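Since the model is a prediction, treat every value here as computed from it, not as a measurement.
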Amino acid sequence: MPVKIRLQRHGKKGKPFYWVVAADARAKRDGKFLEKLGIYNPNTNPATIELDVDSSVKWLQNGAQPTDTAKAILSYRGVLLKHHLLGGVRKGALTEEQAEEKFNAWVTEKEAAIADKVGGLDKAKAEARAAALKAEKEVNDKRAAEAAAAALPETPEGEDAEAEVEAVEAAGEPEQATEAPTEDDKA
């Protein structure tokens, strides 16, 4: 029975979510499978991949053939590297301790790279948010300046502002009556 390591689609329309499974090659895509090896969620950034490395290696050693996408996922999580190192152990080129040490070093390096990518995405998101806030403040300041300019009285065309100011000053304030208050006003 030929075994494939492939993806099995789950999730709703437009939001795919995959299981990585070992299945008979003759079975339907979303049909019967032999073992669930992990999950793959491409909707997140970076994509979420959780795999059982040891089970995946076991299936590869038993002759399971991964599909192209599954092979990329297995490679990303180090399953193919571990399979390769265990092949070196079988041939006598490495000891199990050396192979495990190399694999663990690779895993820590890979996790650091993923953490850097997540940190870079967070930083880019914060910068975009700051740029949007700055642009919004500029628009609000411009809108406030336009509103203030619209509130000022406009001078008729042909007259200059200085002549208008002089006319206002010449007119002065209206004269107020200087009559003394009467006793009726005080009460």
Restricting to salt bridge (Lys or Arg N to Asp or Glu O under 4.0 Å), what partner residues turn up for Glu50, sequence neighbours left out?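 Result, salt bridge (Lys or Arg N to Asp or Glu O under 4.0 Å) vs Glu50: none returned.
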Does the plane of the ring in His10 sit parallel, tilted or perpendicular to the ring in Trp19? Use 30° and 60° as the thresholds.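 Judged by the thresholds at 30° and 60°, the geometry between His10 and Trp19 is tilted.
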Do [X] and [Y] have side-chain heavy atoms sitting under 4.5 Å apart?
| X | Y | answer |
| --- | --- | --- |
| Leu60 | Val79 | yes |
| Ile73 | Tyr18 | no |
| Lys117 | Asn45 | yes |
| Tyr76 | Leu51 | no |
| Ile49 | Val20 | no |
| Leu80 | Lys71 | yes |
| Arg6 | Gln8 | no |

Any chance [atom1] of [X] has more than 12 other-residue heavy atoms, nucleotides or ligands included, within less than 6.0 Å?
| X | atom1 | result |
| --- | --- | --- |
| Glu101 | CD | no |
| Glu96 | CD | no |
| Arg90 | CZ | yes |
| Asp68 | CG | no |

Smallest separation among heavy atoms of [X] and [Y], with atom names:
| X | Y | result |
| --- | --- | --- |
| Ser75 | Trp106 | O-CH2, 3.8 Å |
| Val89 | Ala99 | CG2-CB, 3.7 Å |
| Pro42 | Pro16 | CD-O, 3.7 Å |
| Ala64 | Pro66 | O-CD, 3.7 Å |
| Lys32 | Ala27 | O-CB, 3.5 Å |
| Lys82 | Val53 | CD-CG1, 3.8 Å |

Please say yes or no: joined through hydrophobic side-chain contacts below 4.5 Å, possibly via intermediate residues, are [X] and [Y] part of one cluster?
| X | Y | result |
| --- | --- | --- |
| Val21 | Trp59 | no |
| Phe33 | Leu7 | no |
| Tyr40 | Phe17 | no |

Can His83 and Leu74 be said to form a side-chain contact (heavy atoms from CB on, under 4.5 Å), step by step? CA-CA 10 Å; His83 177 64; Leu74 295 175; over 6 Å; no
Going through the checks in order, is the side-chain contact (heavy atoms from CB on, under 4.5 Å) test met by Ile5 and Leu37? CA-CA 9 Å; Ile5 296 177; Leu37 303 174; 4.0 Å; yes
To the nearest 0.5 Å, tell me how far Glu136 CD sits from Asp141 CG.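 CG of Asp141 is found 10.5 Å from CD of Glu136.
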Between Asp52 and Lys36 (salt bridge meaning N to carboxylate O under 4.0 Å), is one present in this structure?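 Result for this pair is no, no salt bridge flagged.
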